[in-house]
Amino acid sequence: MRILNALVFRETGEFTPGEVGIQGGVFSDSAGGEVLDAQGCWALPGLIDLHFHGCMGHDFCDGTPAALKAIAAYQARCGVTAICPATMTFPEELLTRVCANAAGAVPAPDEAELLGIYLEGPFLAAAKKGAQNAAWLQAPDPDLFLRLQRAAGGLIRLLALAPEEPGALELIDRLHSQVGIALGHTAADYDTALEAFRRGARQATHLYNAMPPFSHRAPGVVGAAADAPTCRAELIADGVHVHPSVVRATFRIFGDDRIILISDSMMATGLPDGAYELGGQPVQVRGSRCTLADGTIAGSATNLADCLRSAVAMGIPLGSAVKCAAINPAKALGVFDRRGSIAPGKTADLLLLDRSLALRHVFLRGRLLF
């Protein structure tokens with residue numbers, strides 16, 4: 001397959017006129033066969049959402065094959081071709097079942113590929129629990145993590161924790177070479193967070209949300225993340241979690257090499273307003289806003305492709321937004337050698353968007369989905 005007359009995304013964040021070849025499920029410079037005229041569409045690598053909880057009435061923590069398949073199929077239709085869904089804070093028995101369910105997942109031809117699991121909880125701070133259920137929070141426990149990792153068949157790629165909790169820094173010392181550690185749902189001050197990054201944490205969970213505010217005398221986790229050159233910061237650009245001005249300022253502070261756009265979407269995504277749940281707690285959804293009974297924001301109702309469009313509408317260049325929704329998550333998950341950009345030999349996940357950023361075609365592992 002050859003796709004002609006496209007504006008092709010490059011790893012620098014630029015778009016150049018050209019063509020894209022696909023052969024044997026990967027990108028190729030020497031592909032032949034059928035020809036598709038892109039008619040000037042933007043050609044993007046498939047997006048990778050490394051932090052979301054569900055969609056279409058299903059949650060990753062349902063822990064069933066049917067839920068995982070429905071989630072993966074919806075994401076693929078939206079242009080999110082690879083996923084790393086997140087857990088919520090639950091008891092070990094339920095988390096074990098969720099991990100074991102993911103370990104056996106094999107994507108159907110119309111489903112996004114599962115790249116990993118994001119363990120968001122239970123090692124979080126009650127003071128910044130957000131929509132996490134405080135009843136099941138606990139101190140960081142490396143042995144519990146290792147039990148869950150065994151159930152997952154090694155699929156847990158990211159682990160969120162609050163570095164100020166007893167044993168958290170010691171856990172980072174022990175596990176940072178085995179899993180990507182992110183600081184989140186935390187009340188940590190600047191010095192504690194910076195020490196956690198020094199010890200091997202490398203990511204900030206949904207920057208600004210469920211952490212102290214960034215202020216001129218108490219920069220907190222946000223300031224520490226900015227000062228830690230190896231840290232990537234997750235950002236929810238749905239227009240609800242972070243003000244557009246702050247989104248623009250964050251890109252100026254971190255640069256588009258260190259931001260990961262995420263959706264943090266919950267089961268209401270793709271469905272009408274109404275009553276849903278997240279982490280075993282009731283959630284009311286009205287438009288793009290999802291809240292618990294006390295008004296706490298509880299995830300989003302926006303998929304990653306729409307978050308990318310929202311970021312562009314906020315003033316972020318399209319090339320920068322694509323880097324943050326494809327290249328950077330691929331690097332964070334350790335799969336950039338085979339995903340995240342349009343390069344020979346990489347998995348041929350490809351999106352064609354028209355000039356209004358409407359999705360025209362999705363190629364999934366080299367196959368035209370639509």
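All residue numbers in this chain count up from 1 along the given sequence.
Under the 4.5 Å side-chain contact rule for hydrophobic residues, Tyr190 and Ile172 do not share a cluster. Linking ILVMFWY residues whenever their side-chain heavy atoms come closer than 4.5 Å, directly or via other members, places Phe197 and Phe123 in the same cluster. Taken together through direct or relayed side-chain contacts under 4.5 Å among Ile, Leu, Val, Met, Phe, Trp and Tyr, Ile156 and Ile260 form parts of separate hydrophobic clusters. By the criterion of side-chain heavy atoms lying less than 4.5 angstrom apart, applied directly or through intervening Ile, Leu, Val, Met, Phe, Trp or Tyr residues, Val312 is grouped together with Leu47 in one hydrophobic cluster. Tracing side-chain contacts under 4.5 Å through hydrophobic residues (I, L, V, M, F, W, Y), one never reaches Val240 starting from Leu278; they form parts of separate clusters.
Contact record, Ser265 with Thr269: CB-OG1, 3.2 Å, taken as the closest heavy-atom pair. The shortest heavy-atom contact between Gly63 and Arg97 is O-NH1, 3.7 Å. The minimum heavy-atom distance between Val285 and Cys290, with the atom names listed, is CG2-SG, 3.9 Å. Here the shortest heavy-atom pairing between Leu4 and Glu19 reads CD2-OE1, 3.4 Å. Between Ile342 and Ala43, the shortest heavy-atom distance links the atoms CD1-O, 3.6 Å. Nearest heavy atom pair, residue Leu369 against residue Ala76, reads CD2-O, 3.8 Å.
At least one side-chain heavy atom of Phe251 sits less than 4.5 Å from a side-chain heavy atom of Leu235. Contact check for Val247 versus Ser310: no side-chain heavy atoms found under the 4.5 Å cut-off. Put simply, the side chain of Cys99 reaches to within 4.5 Å of the side chain of Ile117, judged on heavy atoms. Within the 4.5 Å cutoff, the side chain of His206 has heavy atoms near those of the Glu120 side chain. Residues Ile71 and Phe52 have side chains in contact (heavy-atom distance under 4.5 Å, counting atoms from C-beta outward). Inter-residue side-chain proximity for Glu34 and Leu36 is flagged as unmet; no heavy-atom pair is nearer than 4.5 Å. A heavy-atom distance below 4.5 Å is found between the side chains of Phe60 and Val98. By the 4.5 Å heavy-atom criterion applied to side chains, Gln132 and Met88 are counted as neighbours.
In terms of modelled atom types and a separation under 3.5 Å, the side chain of Arg258 and the main chain of Ala233 share no donor-acceptor contact. Side-chain N or O atoms of Asn101 include one that pairs as donor or acceptor with a backbone N or O of Thr64 at under 3.5 Å. Judged by distance alone, the side chain of Arg202 and the main-chain N or O of Ala332 form a donor-acceptor pair under 3.5 Å. The closest donor-acceptor contact from the side chain of Glu165 to the backbone of Pro140 lies at 3.5 Å or more, if one exists at all. Side-chain N or O atoms of His185 include one that pairs as donor or acceptor with a backbone N or O of Lys128 at under 3.5 Å. Put simply, the side chain of Asn133 never gets that close to the backbone of Gly280: no donor and acceptor are under 3.5 Å apart. A side-chain donor-acceptor contact under 3.5 Å links Arg157 to the backbone of Gly154. No donor-acceptor pair under 3.5 Å is formed between the side chain of Glu14 and the backbone N or O of Phe9. In this structure, Asp306 contributes its side chain and Asn303 its backbone to no donor-acceptor pair below 3.5 Å.
Here the straight-line distance linking atom CG of Leu271 with atom SG of Cys55 works out to 8.5 Å at 0.5 Å rounding. In this structure, Leu50 CG and Asn328 CG are separated by 9.5 Å, a value rounded to the nearest 0.5 Å. For the atom pair CG (Leu137) and CZ (Phe90), the distance works out to 12.0 Å, reported to the nearest 0.5 Å. Distance check: Ile181 CD1 to Leu171 CG gives 5.5 Å after rounding to the nearest 0.5 Å. Between the CG atom of Leu292 and the CD atom of Gln281 there is a distance of 5.5 Å, given to the nearest 0.5 Å. Atom CD1 in Ile22 sits 12.5 Å away from atom CZ in Arg367 (nearest 0.5 Å).
Salt-bridge formation is detected for the pair Arg199/Glu195: a Lys NZ or Arg NE/NH1/NH2 atom is positioned less than 4.0 Å from an Asp or Glu carboxylate oxygen. Taking a cutoff of 4.0 Å between a charged side-chain nitrogen and a carboxylate oxygen, Asp143 and Arg174 qualify as a salt bridge.
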Evaluation steps, side-chain hydrogen bond (donor to acceptor under 3.5 Å, both in side chains), between Asp354 and Ser356: CA-CA 5 Å; Asp354 67 20; Ser356 69; 2.7 Å; yes
Assess the residue pair Arg355 and Trp42 against the criterion (side-chain contact (heavy atoms from CB on, under 4.5 Å)); give the C-alpha distance rounded to whole Å, side-chain angles, the decisive distance to 0.1 Å, and a yes or no. CA-CA 7 Å; Arg355 301 311 290 268; Trp42 307 104; 3.3 Å; yes
Given side-chain contact (heavy atoms from CB on, under 4.5 Å), test Val246 with Phe214 step by step and report yes or no. CA-CA 11 Å; Val246 178; Phe214 177 48; over 6 Å; no
Kindly determine whether Asp238 and Thr302 satisfy side-chain hydrogen bond (donor to acceptor under 3.5 Å, both in side chains), including the steps that lead there. CA-CA 6 Å; Asp238 64 344; Thr302 308; 4.6 Å; no
For the pair Arg360 and Gln39, evaluate side-chain contact (heavy atoms from CB on, under 4.5 Å) and give the outcome as yes or no after the intermediate values. CA-CA 11 Å; Arg360 294 304 182 204; Gln39 299 180 331; over 6 Å; no
Test Gln138 against Leu144 for side-chain contact (heavy atoms from CB on, under 4.5 Å), laying out the working first. CA-CA 10 Å; Gln138 67 174 78; Leu144 170 55; 3.4 Å; yes
Working for ring pair (Phe, Tyr, Trp, His ring centres under 6.0 Å), residues His51 and His53: CA-CA 7 Å; His51 187 163; His53 297 278; 5.5 Å; yes
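Within the cation-pi definition used here (under 6.0 Å to the ring centroid, within 45° of the axis), Lys331 qualifies as a partner of Phe336.
The only option from Asp49, Asp349, Thr347 that meets the side chain to side chain donor-acceptor pair (under 3.5 Å) definition with Thr81 turns out to be Asp349.
With 3.5 Å as the limit, one finds no donor-acceptor pair spanning the side chains of Thr96 and Arg147.
Pairs passing the salt bridge (Lys or Arg N to Asp or Glu O under 4.0 Å) check and including a residue from residues 261-287, sequence neighbours excluded, do not occur.
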